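Reckoned from all heavy atoms, side chains included, excluding hydrogens, waters and symmetry mates. Residue numbers start at 1 and run along the sequence shown. Quick caveat: nothing in here was measured; it's all calculated off a predicted structure.
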Amino acid sequence: MSKELSKVRNIGISAHIDSGKTTLTERILFYTNKIHAIHDVKGKDGVGAVMDSMELEKERGITIASAATFCEWNDHAINIIDTPGHVDFTIEVERSLRVLDGAILVLCSVGGVQSQSITVDQQMKRYKVPCIAFVNKCDRSGANPERVVSQLKEKLGHNAIAMQLPIGLEAAHEGVVDLVTMEALYFDGENGEIIRREEIPAELQEKAEERREELIEMASNYCDDLAEAFLEEQEISPDMILQAMRKGVLKREVTPVYIGSAYKNKGVQPLMDAATQLLPDPSEVTNIALDLDRDEAEVVLSSSSEDPTVALAFKLEDGQYGQLTYIRVYQGVLAKGDTLINTRSGKKIKIGRLVQMHSNQMEDINEISAGYIGALFGIDCASGDTFADPKLNYSMTSMFVPNPVISLALVPKDNKSQINMSKALNRFSKEDPTFRTYVDEETNETIIEGMGELHLEVYVERMQREYNAEVNTGQPRVAYRETITKRADFNYTHKKQTGGSGQYGRVAGYIEPFADGEFEFINKITGGAIPTQFISSCEKGFKASLAKGALMEFPVTGIRVEINDGASHAVDSSEMAFQAAARGAFIDAYKRAKPVIHEPIMKVVIETPTEFQGTVMGTINQRRGTILGAQEEGPMCVVECQVPLAEMFGYSTVLRSSTQGKAQFTMEFANYKQVPQSITEELQKKRDEEAKKGAA
């Protein structure tokens, strides 16, 4: 842990589903001598990849939870987080990118920039994470790295530049040409561990020189010496190119692209070299905390081990020794026996056992220095909490948490399952901010909410395996919303006279549709018609009314409220009275504002063999879907569409059976849209039936 900060890298490996992230991480660990045998992700040999330590991950061949590990390469200490690709587990990517300094964006050389690649790229932008790209699977039929580079430019707006050329593609993929050193690299040995450097094959020489010139031209934008050498046609050293490229990468203005095939052990070591040469060390990244004592003023953290400690808990897991908290130290040193403050709860915490993670294995350590990622045991905290030196009252900025889009009713089979289920739900909702749970007051059912069918399916399965909680699941509920379509004025007086002082408050104004957000409150009161101290009570009352709409008791969204008049009473007016007046005014105006139901619309991207294109489009049309476009990419066709979430339940089974299991789809929330009248009537009918049952 005593390494100098310039030799530390915190990198994440992110990509669309099935682009080869976990396979790539497995190879990296093998070449850095962290593991001594390579295993398949699907777990065909009964072992599975190191980073997919959960039984469910091995069975399904997908990554569910992000896993952290560390290794050493060329005298650099590297912390790596392997993240899931499935959109249902997007929070795992979100929280990993929140604490990482750099990332490797893995792309499939056949699929190119896919839907989830776009989501991951947006997450990288959100946290300003510099990245390099790796075009994987160059051994697959239909591989075309050049097309992927142009897609990076067109679809993601990256200033992408190839750092390598492939030597052969598909079954003939042998190695890569390094455009920086102008050598051909071949990967010999049983697992590609021996790098053989040779002259560039004659048939690629001209193309390599052309591409190197393009590379130098781009790199010269970031280094005057290089630009000068290039113009004067002087000898340009590999170091000059790399240093210039590094400046561009750190500014997020250029994306170097490397190529290879992780599965066939080709191109991984040069990618590791690039991660150490081009991605930032912790001191080169600006990390900002908020000073809670100075009205959340921004403070730039120093990355120095000498300063008071500031650390962020970014992920929780329930380990065999209690809660395991993954932590990134931004400033100072976290050592055994230290006392820190959890700035959210104000509680003091004493640091006990510290560990460094390698997937689900751990190694005890005495301290975690600034710039490092580690984990600690026995601390009660929530995901996103900041731990700081008692002298500081700093909080790190929180990460973006998307809202759940799907819910499911759970019914435990017996009393024992009920107890185990509540333990499991308590733990899962603490670990995963996108997984939420509550008890429906009307139906008394336990409802779980999440990012998609697979997300909830995995948690129900984990509940049964890890907690022995047998549960039945009900039909998933869709998160419908209500909103209004026209303006409605209100002038409402709340009057209540009981013994002693009564309640009095009058509010007047209007409500109207608000397209740019969920709720906006505008105060246009003049002349003290409503005393200033009661304005916030009015806002509270209106906000409280949004929980249940009068149409079908769904949450209300997209509303702007303006109050411009009112009246108060010297004795009878109070905060309670104005809250009640606001609620009454809202109910009164809401009915006249033509309320409608909105439903979540999902962006669905289906990849199918071209022969099934018509069938797939038919399945979308049957589900009230709108097809946005279809494009052929080699033997595959990619269909993009928008479909209401309510129509997508069980779609994976329908898609598999209609395409002989060859098609796959990804789905993520796009927006809310108004429900057709026929569906509104159906929902109304269903609600009436449920109400009758409840009454009976």
Side-chain angles (χ1 to χ4, degrees), residues 290-297 343-347 382 393 395 398 401 403 436 438-442 479 481-484 486-595:
L290 306 175
D291 188 341
L292 302 178
D293 290 338
R294 292 193 297 128
D295 200 19
E296 297 195 356
T343 52
R344 178 187 58 87
S345 63
K347 286 182 184 167
N393 191 10
S395 171
S398 57
V401 178
N403 287 322
R436 296 176 197 172
Y438 66 94
V439 174
D440 189 311
E441 290 171 10
E442 291 168 30
R481 295 279 184 269
E482 290 185 25
T483 191
I484 55 173
K486 60 175 267 191
R487 171 179 160 149
D489 295 325
F490 56 80
N491 186 349
Y492 185 85
T493 306
H494 172 71
K495 225 188 236 178
K496 207 172 187 185
Q497 200 61 49
T498 49
S501 65
Q503 288 185 14
Y504 180 85
R506 180 172 79 84
V507 290
Y510 62 86
I511 61 172
E512 65 178 3
F514 177 49
D516 300 331
E518 293 191 8
F519 174 71
E520 187 177 49
F521 177 77
I522 297 170
N523 169 26
K524 286 280 177 72
I525 297 291
T526 52
I530 297 176
T532 313
Q533 69 265 32
F534 298 138
I535 300 291
S536 61
S537 306
C538 295
E539 186 174 357
K540 258 187 207 161
F542 283 115
K543 241 183 186 160
S545 311
L546 302 179
K548 271 186 184 180
L551 190 60
M552 280 182 61
E553 298 190 348
F554 293 127
V556 180
T557 183
I559 286 198
R560 177 191 278 128
V561 177
E562 182 178 303
I563 56 170
N564 48 32
D565 196 11
S568 65
H569 186 279
V571 178
D572 292 352
S573 284
S574 64
E575 288 191 5
M576 290 292 289
F578 274 100
Q579 276 189 43
R583 283 199 295 271
F586 185 84
I587 292 163
D588 172 48
Y590 188 73
K591 290 169 187 164
R592 289 180 281 108
K594 294 225 169 145

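The nearest pair of heavy atoms linking A593 to A488 is CB-CB, 3.9 Å. Of all heavy-atom pairs spanning S568 and P531, the tightest one is OG-CD, 3.4 Å. The shortest non-hydrogen separation linking G566 to A529 is O-CB, 3.5 Å. Y510 and R487 make their closest contact through CD2-NH2, 3.3 Å (heavy atoms, listed as atom of the first residue, atom of the second, distance). Annotation for C538 and A582: closest pair O-CB, 3.3 Å, computed over non-hydrogen atoms.
Enclosure of atom CD in E520 by more than 12 non-hydrogen atoms of other residues, nucleotides or ligands within 6.0 angstrom is indicated. Under a cut-off of 6.0 angstrom, the local environment of CG in D295 is sparse, with at most 12 non-hydrogen atoms contributed by other residues, nucleotides or ligands. The environment of Q533 atom CD is dense: over 12 non-hydrogen atoms of other residues, nucleotides or ligands sit within 6.0 angstrom.
Between T483 and F514, the closest side-chain pair of non-hydrogen atoms is not below 4.5 Å. Proximity of V556 to F586: side-chain heavy atoms (C-beta onward) are separated by under 4.5 Å at one or more points. The shortest side-chain heavy-atom distance between H494 and Y504 does not fall under the 4.5 Å cut-off. With a 4.5 Å cut-off on side-chain heavy atoms, N523 and I530 do not count as touching. Between F519 and V561, the closest side-chain pair of non-hydrogen atoms falls below 4.5 Å. Using a 4.5 Å heavy-atom threshold, the side chains of F534 and V507 count as separate.
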- request: Walk me through it: do F542 and I563 pass the test side-chain contact (heavy atoms from CB on, under 4.5 Å)?
  value: CA-CA 11 Å; F542 283 115; I563 56 170; 3.8 Å; yes

field: side-chain contact (heavy atoms from CB on, under 4.5 Å) between Y492 and I587, worked out
entry: CA-CA 10 Å; Y492 185 85; I587 292 163; over 6 Å; no

Residues R592, D489; criterion salt bridge (charged side-chain N to carboxylate O under 4.0 Å, His left out); working and verdict: CA-CA 9 Å; R592 289 180 281 108; D489 295 325; over 6 Å; no

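To the nearest 0.5 Å, atom NZ of residue K540 and atom CD of residue Q579 are 5.5 Å apart. Note that CD of E553 and CD of E482 are 8.5 Å apart. Values are rounded to the nearest 0.5 Å. In this structure, the separation between OG on S395 and CZ on R344 is 10.0 Å, given to the nearest 0.5 Å. Note that the CG atom of L546 and the CZ atom of R481 stand 11.0 Å from one another [nearest 0.5 Å]. Remark: I484 CD1 to I511 CD1 distance equals 4.0 Å, nearest 0.5 Å. We find the CG-CG distance between L290 and N393 to be 10.5 Å, quoted to the nearest 0.5 Å.
Between the side chain of E512 and the backbone N or O of R560, no donor-acceptor pair lies under 3.5 Å. No side-chain donor-acceptor contact under 3.5 Å links T532 to the backbone of G528.
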